[in-house]
A.B. asks: 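First the structure, then my questions, so here it is.
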Amino acid sequence: MAVDDLLEQHVTPRTPLQPYAVSRTADASRRLVVVSNRMMPSDQGKSDSGGLAIAIRAALQQHGGVWFGWSGAVREQPSAIPRVSEDGVLTSATLDLSRRDYEEYYIGFANRVLWPLFHYRTALVEFSRQNLAGYLRVNQRFAQALAAMLSPEDIVWIHDYHLIPLAYELRRLDQTQPIGFFLHTPFPAADLLRVLPNHRELVRMLCSYDLVGFQTALDLHAFRDYLVRWAGAHDLGGGAFRAFGRLVRAQVFPIGVDVDAVMTQAAAAADGRHVRRLRQSLGERALMIGVDRLDYSKGLVARFQAFSRLLETYPETHGRVAFLQIAPPSRSDVPEYRDIRKSLEAAAGHINGRYAEFDWTPLRYLNKSFNHRILMGFMRASRIALVTPFRDGMNLVAKEYVAAQHPDDPGVLVLSCFAGAAQELDQAVLVNPYDVEGMAQAILQSLNMPLGERKERWTAMMRVLQRNDLTAWRESFVRALSAPRADADVRPV
Ligand code: F6P
């Protein structure tokens with residue numbers, strides 16, 4: 001069956017899509033319904049949940065609301081009705097996936113097509129029509145279950161690449177609420193997106209949202225470029241576009257961290273048992289830390305190579321620094337994730353085999369996750385953080401590291417220029433993750449950086465973090481989504 005025919009089954013609307021014409025007010029009392037594929041139970045808070053789940057939980061905990069998504073469970077016959085639970089402030093509603101849904105929607109299309117493509121790794125894209133059909137089917141199922149829970153007064157905020165078709169499906173079920181979408185990953189350059197056989201339909205679905213949010217101006221430009229160049233859209237100015245017969249707004253909302261919470265956690269954990277043991281194990285050595293889901297987009301092999309290059313080129317660093325890389329395994333059912341794990345194990349063994357001494361292990365490589373509070377303590381104890389992804393939507397670890405520092409003795413952030421965070425944190429030591437020698441030099445520069453310069457850079461970065469914190473992110477998105485629109489803006493074309 002041709003891709004077009006396949007899409008036809010899922011894409012043809014029952015009624016033609018019209019601009020959303022209900023006038024709205026910015027009313028804070030409306031219920032916020034957040035939807036994401038990955039959720040995080042209240043007793044968790046671990047680094048393997050990913051930045052999205054940590055940020056959403058924190059954002060919802062401040063003001064309450066409903067969180068809808070995948071339970072994380074795979075069952076033979078999943079119920080069509082979500083399981084609902086309350087934890088005081090927050091209502092969670094979860095659905096299970098069948099084995100086939102999991103394989104086709106989550107592994108097959110979301111993580112073997114959209115993830116590599118959105119991270120500029122076209123060679124890793126494994127497109128199949130069957131997986132695309134699974135992706136569309138699960139989005140339809142989610143929409144049916146969610147629609148039954150929604151009231152017309154709700155504001156619906158959908159997150160990330162797994163759920164791009166959701167607003168389209170909700171509209172087909174006559175849901176008229178304001179629906180917004182936030183993409184946590186990068187949005188690829190227009191010509192890369194065209195690698196996807198169903199690129200046009202995917203973007204059409206994205207245009208079923210009232211508001212589409214991106215991490216950086218670069219992502220927004222890529223989206224605009226696609227719309228204007230390949231979808232015949234009209235740029236109406238001010239972030240508004242007329243595309244596929246309706247009006248869609250697109251804006252940049254850089255995600256932030258809860259700066260006060262991170263500072264408090266880091267300070268509290270600094271006196272805790274874990275950090276004390278870590279410090280004891282280090283002696284006088286400087287600690288360098290990396291915290292990432294074990295993902296090929298994070299540039300971990302190149303980072304290990306850079307550390308190896310540092311030790312090879314600058315022998316005076318031997319015994320002076322210990323590198324702690326925390327990398328909880330992720331998406332292990334995707335072959336590329338199993339491959340990267342093997343490569344890293346080999347690289348870590350090689351470094352320690354070559355440079356370790358009886359009283360110094362240069363690289364401590366851990367495939368496990370830690371409680372968020374302990375992690376903030378580890379970050380505070382670190383002189384350097386290495387955040388060197390090949391591509392990243394934002395990278396909240398970079399922001400958490402800065403917020404976790406002691407104001408009197410802050411550490412240095414070494415940051416990839418291809419992480420969204422680099423657009424804001426230009427006072428980090430910026431590196432190109434493809435330049436192994438450059439990264440080795442950046443580590444040396446950071447190790448030798450005088451206290452005065454460290455403080456200056458940190459103060460400038462903290463100003464940015466405080467201005468664009470998690471509350472600002474949530475509030476600005478919800479405000480923009482619930483803002484009233486002039487009738488002229490929503491008239492059909
Ligand atoms: O932040 C990007 C992201 O892909 C989230 O959407 C996701 O929840 C997180 O990383 C962790 O990945 P996964 O849900 O596949 O474990």
Side-chain angles (χ1 to χ4, degrees), residues 24 26-42 44-45 49-72 82-95 106 110 138-139 141-171 173 175-185 206 208-215 251 253-258 261 393-394 396 469-483:
R24 289 165 246 149
D27 177 357
S29 67
R30 295 175 85 167
R31 182 173 74 154
L32 178 62
V33 178
V34 169
V35 188
S36 65
N37 177 65
R38 173 71 62 193
M39 299 173 67
M40 190 172 66
S42 49
Q44 234 179 293
S49 307
L52 175 147
I54 290 174
I56 292 181
R57 169 155 288 280
L60 277 171
Q61 250 161 358
Q62 288 172 353
H63 284 85
V66 177
W67 193 359
F68 179 98
W70 177 36
S71 63
R83 230 183 343 269
V84 178
S85 64
E86 313 252 350
D87 76 357
V89 207
L90 181 60
T91 305
S92 302
T94 58
L95 284 175
Y106 174 71
V138 170
N139 270 274
R141 230 190 100 208
F142 270 42
Q144 278 154 1
L146 180 60
M149 295 180 63
L150 291 177
S151 112
E153 296 307 310
D154 291 337
I155 291 179
V156 185
W157 187 5
I158 295 165
H159 292 258
D160 238 358
Y161 58 101
H162 315 81
L163 300 174
I164 290 172
L166 199 54
Y168 174 83
E169 296 294 347
L170 286 169
R171 298 289 185 226
L173 297 168
Q175 299 301 307
T176 54
Q177 302 83 351
I179 310 181
F181 178 81
F182 185 78
L183 183 66
H184 290 253
T185 69
L206 206 42
S208 298
Y209 289 90
D210 295 292
L211 176 66
V212 179
F214 296 101
Q215 299 275 26
Q251 247 174 272
F253 300 93
I255 193 169
V257 294
D258 186 339
M394 174 56 66
L396 290 179
D469 69 357
L470 189 62
T471 306
W473 174 70
R474 188 203 56 235
E475 285 182 351
S476 57
F477 191 95
V478 172
R479 200 179 316 116
L481 182 56
S482 45

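Please read these numbers as outputs of a predicted model, since none were measured by experiment. Residue indices begin at 1 and follow the sequence shown. Basis for what follows: all heavy atoms, side chains included, without hydrogens, waters or symmetry-related copies.
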A.B. asks: In terms of side-chain heavy atoms, does Thr94 have a donor or acceptor partner in Trp70 at a distance below 3.5 Å?
C.D. replies: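 No - no donor-acceptor pair under 3.5 Å links their side chains.
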
A.B. asks: Is Val35 close to His159 at the side-chain level, that is, under 4.5 Å between some pair of heavy atoms?
C.D. replies: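 In short, these two side chains do not touch, never coming nearer than 4.5 Å.
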
A.B. asks: Determine the minimum heavy-atom distance between Gly65 and Leu60, stating which atoms define it.
C.D. replies: CA-CD2, 4.1 Å

A.B. asks: Can you tell me how far apart CD (Gln177) and OG (Ser482) are? Round to the nearest 0.5 Å.
C.D. replies: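 Between atom CD of Gln177 and atom OG of Ser482 there are 13.5 Å.
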
A.B. asks: For the atom pair CG (Leu211) and CD1 (Ile179), what is the distance rounded to the nearest 0.5 Å?
C.D. replies: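 Between Leu211 CG and Ile179 CD1, I get 12.0 Å after rounding to 0.5 Å.
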
A.B. asks: Tell me every residue that passes side chain to side chain donor-acceptor pair (under 3.5 Å) with Tyr209, counting only those two or more places apart in sequence or in another chain.
C.D. replies: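 Listed in chain order: nothing, the list is empty.
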
A.B. asks: Judged by atom type as modelled, is there a donor-acceptor pair below 3.5 Å linking the side chain of Trp473 to the main-chain atoms of Phe253?
C.D. replies: yes

A.B. asks: Does Asp210 come within less than 4.0 Å of Arg171, counting only side-chain N to carboxylate O?
C.D. replies: yes

A.B. asks: Using a 4.5 Å cut-off on heavy atoms from C-beta on, say whether the side chain of Phe142 contacts that of Phe68.
C.D. replies: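 Yes, at least one pair of side-chain atoms sits under 4.5 Å.
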
A.B. asks: So does Glu153 get a backbone contact from the side chain of Arg30, meaning a donor-acceptor N/O pair under 3.5 Å?
C.D. replies: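 Pair found, side chain donor or acceptor close to backbone of Glu153.
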
A.B. asks: Which value, rounded to the nearest 0.5 Å, describes the distance between Ile164 atom CD1 and Ser208 atom OG?
C.D. replies: 11.5 Å

A.B. asks: Strictly below 4.0 Å, N to O, side chains only: are Asp87 and Arg57 in salt-bridge contact?
C.D. replies: yes

A.B. asks: Are the side chains of Tyr106 and His162 in contact, using a 4.5 Å heavy-atom criterion?
C.D. replies: yes

A.B. asks: Do any N or O atoms from the side chain of Gln215 and from the backbone of His184 form a donor-acceptor pair under 3.5 angstrom?
C.D. replies: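 Yes, the answer is positive, given that a donor and an acceptor are paired below the 3.5 Å cut-off.
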
A.B. asks: Could you measure the distance from the CG atom of Leu470 to the CG atom of Leu396? Nearest 0.5 Å is fine.
C.D. replies: 8.5 Å

A.B. asks: Carefully, step by step, assess Trp67 and Ser36 under the rule side-chain hydrogen bond (donor to acceptor under 3.5 Å, both in side chains).
C.D. replies: CA-CA 8 Å; Trp67 193 359; Ser36 65; 2.9 Å; yes

A.B. asks: Are Val33 and Trp157 packed together at the side-chain level, in the sense that at least one heavy-atom pair is separated by less than 4.5 angstrom?
C.D. replies: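 Side-chain contact under 4.5 Å: no.
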
A.B. asks: Drop me the distance from Leu163's CG to Leu183's CG, to the nearest 0.5 angstrom.
C.D. replies: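 Answer rounded to 0.5 Å: 11.5 Å.
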
A.B. asks: Any side-chain heavy-atom pair from Asp160 and Phe182 closer than 4.5 angstrom?
C.D. replies: no

A.B. asks: Short question: side chain of Asp469, backbone of Gly256 - any donor-acceptor pair under 3.5 Å?
C.D. replies: no

A.B. asks: Please round to the nearest 0.5 Å and tell me the distance separating atom CG of Leu166 and atom CG of Leu206.
C.D. replies: 12.0 Å

A.B. asks: Under the 3.5 angstrom rule, does the side chain of Glu86 hit a backbone N or O of Ser92 as a donor-acceptor pair?
C.D. replies: no

A.B. asks: Output, in order, the C-alpha distance, side-chain angles, deciding distance and verdict of side-chain contact (heavy atoms from CB on, under 4.5 Å) for Arg83 and Ser71.
C.D. replies: CA-CA 9 Å; Arg83 230 183 343 269; Ser71 63; 3.9 Å; yes

A.B. asks: Where do Ala93 and Met149 come nearest, in terms of heavy atoms and distance?
C.D. replies: CB-CE, 3.7 Å

A.B. asks: Among Val478, Val156, Leu481, which one satisfies side chain to side chain contact (heavy atoms under 4.5 Å, CB included) with Pro178?
C.D. replies: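 In the set Val478, Val156, Leu481, the residue that makes a side chain to side chain contact (heavy atoms under 4.5 Å, CB included) with Pro178 is Leu481.
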
A.B. asks: Please identify each residue that fulfils salt bridge (Lys or Arg N to Asp or Glu O under 4.0 Å) with Asp154, with sequence neighbours left out.
C.D. replies: Arg31

